[in-house]
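For reference, the structure discussed in these notes is given below.
Since we're looking at a predicted model, the values are computed, not measured. Chain A is the first sequence line, chain B the second, and so forth, proteins listed ahead of strands; every chain is numbered from 1.
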Amino acid sequence: MALSVFSENAFAYGVETHAFLTKAVIEFYNKNFPKKITDDLTPYLIDGARLEDNLPRYMNHFYDPVNNRGLADGIYRGMASKDWSQDEGAQTALLYKILPQTEATLLSALQLQKIQPVFSKTDFTWEKAVDLYAKGDVEGAMFALGHIVHLIEDASVPEHTRNDAHPPYDDGGSPYENWTGKFNLDNPDSAVAERLKNKKPIFLGDLNTYFDAMATYSNNNFYSKDSIKNYELPKSDGIEKDGVYWYGFKNDDFGKYRLAVYPKSKNEYVWQKDNLSEISLIDEGQGVILPDYWSRLSTKAVQYSAGVINLFFKEGEAARQKYLTEKTSKPYLATLIDGFSNIFGSGEPKDIADTVNEFKLVREIPIKDVNQESRIRNQADEVPKKVERVPLSASVLEVASPTEKELPKIEPEIIPLSLCGFNTASTPSRSGVIINEVAWMGSANSANDEWIELKNISGGEIDLSGWQMVDLGEQIKIQLSGKLQAGGFYLLERTDDTSVPGVSADQIYTGALSNVGEGLRLFNKDCGLIDEVMAAPDWPAGDNSYKKTMERSAGFSWLNYSGAEQSGIFGTPKAENSPGSAPFNPGSSGSPTPTSVVQTPPPPQPQPEPALEQQPPVPPSAPTKILISEVLFDADGSDDGKEFIELYNPNDQSIDLSAWSIQHQSASGSLTKKNFEAGNSIAAKSFFLIWLGSDPRADLAWASGSLNNTSATIYLVDNQSLISTTSPVSMDAVNYDTANLSGFVAGQSLERKAFQDGSCAIPWDSGEYLGNGCDGDSSDFELRAAPNPQNRQSLPEPRPAPSAVTNLNISFSSSTTELILNWDVVQNLTHKLNGIENSLGLFKQTINEIGRDYEFEISATDKEGLVGSSTQYSYHVSGFLYDIDFYQDPNATTTPVYWLGLSWNEYPFVTKKFPHLASGALSNNNWQAVVFYYNQDAVVTDDIFWNDVTGINPHRSWGLRIPNGLTILYPNCQGTQSGGTSLILPGNSGACNGLAGNYSSYAFNWNEIGIGTHTFAVPSDQFTTAPTLGSDYITVAYYGFQPGYEPNNYGLRLIAIDKTKHYLR
Amino acid sequence: MLNKSYLKFAIPLFAILLLVAGGYFVWDRFFKYDVMKVYQAAEKKYVEAMKADVYGGKTPKETLDLFVAALRANDIDLASKYFLLDENASREKWVEYLAAIEAKNLLSKMADDISRDAKPLGSVYEGNFAFGLFGNDGTVAISIRLRLNTHTKVWKIESL
């Protein structure tokens, strides 16, 4: 079968490099967005990213943004990855269905079972991922999304955006991919996370734009090996000499980076090819170009991919809402057909109701309930039981005057058959009956206990049949009935007869009176206007704070009730009005403002009006109230269910919010509000989240609320009455106008700055965990690219960072060449060891360098990312040999003689053994070798080779030789002398008998080992110049035999090099 | 009778036409350009050529030495065989390059220069190694880049 020739896939980043990059993407996404991809979903995303490389999908992983094409090099061709990612028809083509999967999954059987319907298909388009998410199959959605992330990652590889096929069988086709192939989940590049520390996700509008941006970046700024001359860009900013190469370099926001090697030395050799135009990406011996490429391309890939995931959730949420809506409205027949499809198609995702609770990221979208919505709206008029206030926040930017009244929408509950319209050009006649008293504010018992009183001021009885009372919005339309005696009262109570305890209603009505922008008109049976009272925008009298009714005086003016309370009523239902008192602020519903924020019930007895005290502005250094700390008023795409208002408590004590309200005033002046609910409170230095719509993170859901996208003012009010639009009083207020918000784009939030050391600071980066206590002037807010809604479960801010780690233990195992680090695990804290997150308390790292120091830095991070101070540790890994002594024989008189003295504490001093490559079993004779270099660092490579010392007869005097090695002489097992650039160490005495048949037959004589030291002759003829004291040195590398390599020449694997230089003494 | 005979002819004909049209549609939709076949053919050609390519040493230095020896022997056919095949399984450009040097009677000098001046530069990733000939400014004037032929385990000169 021809397929068998596909030995590996190197058509992009290696599969496991994709796994590592995708994990980095997830970590970066989780760090920057409130929605988290939980640990249980991470494997699906990673595996999806891996399996996009299934054959022959990767033919479609190219996108050349310059020519807007996929792979097209004359031999190979494929779709542009941008199109492939969104073309269901292409992905479900027969070709992809019939070929077997070529990459193995990492998912467990249980995990596979969850996504089996998706896993076995070939459609992993963006649309499919969104559709799966909408239908609640979040695991499947993550798996499909992984395929998209893979394509974005590939678009960061220059070969993939510069039409450079670099087929996998030609495994030198992409130096960049060859070099990056070493990074995988087991060997992550910790520098990626480090580079991302000060980076943010990149926000773009749609998937195509992401492909364009990522591909253009890699195409325009980097070369691929076989496309250097094919594109106009990149162009180097200059050429400079560094070491043994001339490099072309470019500057970008990361700094300077090497673009390529530019040959500049010309005519040094007469046979030299004119290769000055042949620039190269490979700089052997220095190796800085490919790391430079990786440092930028990997970082950008993660930034773009995190943005793509954010975009996915946005589109997924929108699709999900649509799906739910359609599902609830789907006719029975369609549901039935779906049912059959599910039974026989077996490919449809699970019902959302079955899965939604498994997915912690996703808020649950309730099915729209008009009745519930109506109920919520009605509750919006509930009035608080507290009376004291603080002055308007100094951070109010601007309060627009109302130009148009727009009342809160209240669902009508009674629809009379024939009603008078509110609008009329008539003037009230006030003939016979008047509106005498209005409890628009409700009572001290409840803000809902509203009532209206009419009075017959005529001299005789009046038949009210056919008369109507209508409010401004025509949401209250009351048909009156009965007869009203002269001087008598007619009491209308809202909802039921308990709105005025102890007094029987003449009629019950439904609907709420708004506290602002309202009006009442009384019509006779011919719709003639009899009387009216307008709240324009405020009622002419009445006290919402003290629940004092609005009473008619003899001159038809309006006064505040001035009597005592009875049964929670500050008014005179069905009784003569009180003498009345002039309203404090005619036209206003507000009341003067004490200074405390402490909640108190309404006064049990009438008391003098508090004097108006204007509180001095609160200085930035002394926050004493609840602040609106972050607002998302215009989400990217549809706003539905995405807007939020976050509050912050800068005080040192918890504040009860249950009697407060949050209010929104549009630029036109219309007001909407949401009352806080019982139990709502905000802890000291903590947050409270109000969500417009619903969301699992919400502490309070404002189901019907919506924030204007361009301009509005949001008030935090310490009561539940609608504020005055002319003289608003609130705890805090934020006005925004996008016309004045330079650089604003949808999706950004307004976030209040942090407050530290007497001044305001940006609320992210160094200010991320300092809270939002800045309360100074109109510059309190910043635009935040990645909104960060925090709720009551969020940790308080500012808070102390986690303590420094002081219990890191480090040890080294010579048998595994592992550095082993462990530390105490602390609940709710994760640790970062050299920039890599670790919650296990254990880290092992195989090393191949000994005789040097290793530096570690460890810090603890709380669950929201606040990092404690880091602690540096240094650990020295000693060499395997106790001593290495390189010296010149002082007794030699004519020809110089050199010696190498080695000492060891116990044998074997190299304890690591490699198992058989195929069987995994340890051999009886796992011999090792010590390799010596002269005046150079020991080379980290498995690529060493042997031959005999003479080069003539390989079976006469075996020795192990390596390029540039230093030759020593030693007695071998045969009883003769071996000479090679290494010392072969026998695994045991039995193997060192001259009969082993391999190199251990020529190992160091076993009888010499027990002494613990030996001095080896170093032939002087290998030195072109005599070694100099203190200048010339020897380095050492240790190799172990690994059976299974035969018959090729790679039987030795590197165990470690010793970084110590042993100078001639 | 005529109608019946006509139908006997027409129905199979229609069925055949339908089959042909359907087949064309499927071929055009799915198999007209078979990426797998193109890829497999290219890979097969390349891998077979690489498996047959045993010219070279087991170390980069060995290959370099063999190459130098071929230059000294004025054997450009042999010397070119130490170069790595390109994607099209060809090394024609290296034959032309060496022939041009031979025409200038510089093969021996080239051998001497490489033998004397080529210093190991090291590798950037596994399977890569280079020697450098340095210019007067101390930078690499010529890189002799080698790559391991993983099929035969011999080192090949990739570029010079």
For residues A/Y245 and B/L121, determine if any side-chain heavy atom of one lies less than 4.5 Å from a side-chain heavy atom of the other. yes
So what's closer than 4.5 Å to chain B heavy atoms on A/D242: side chain, backbone, both or neither? neither
Okay, A/L290 and chain B: the region with an atom under 4.5 Å from a heavy atom over there is side chain
Determine whether a donor-acceptor pair (N or O, by modelled atom type, separation under 3.5 Å) exists between the side chain of A/K241 and the backbone of B/D137. yes
Let's test your reading of the structure: which of B/M50, B/R145, B/K104 forms the most heavy-atom pairs below 4.5 Å with chain A? B/R145
Shortest non-hydrogen separation from [X] to [Y] and the atoms involved:
X	Y	result
A/W179	B/V124	CD1-O, 3.6 Å
A/E284	B/A130	CD-CB, 3.3 Å
A/N178	B/Y125	ND2-CE1, 3.4 Å

Side chain, backbone, both or neither: which part of B/K109 has a non-hydrogen atom closer than 4.5 Å to chain A? both
Contact part of B/Y97 toward chain A, heavy-atom cut-off under 4.5 Å: side chain, backbone, both or neither? side chain
Got a second to check how far [X]'s [atom1] is from [Y]'s [atom2], nearest 0.5 Å?
X	Y	atom1	atom2	result
B/L106	A/Y269	CG	OH	14.0 Å
B/L98	A/W271	CG	CH2	10.5 Å
B/R147	A/I282	CZ	CD1	8.0 Å

Assess the residue pair B/T139 and A/Y262 against the criterion (side chain to side chain contact (heavy atoms under 4.5 Å, CB included)); give the C-alpha distance rounded to whole Å, side-chain angles, the decisive distance to 0.1 Å, and a yes or no. CA-CA 10 Å; B/T139 65; A/Y262 286 68; over 6 Å; no
Is the [atom1] atom of [X] crowded by more than 12 outside heavy atoms at less than 6.0 Å?
X	atom1	result
B/E126	CD	no
A/Y934	OH	yes
B/K51	NZ	no

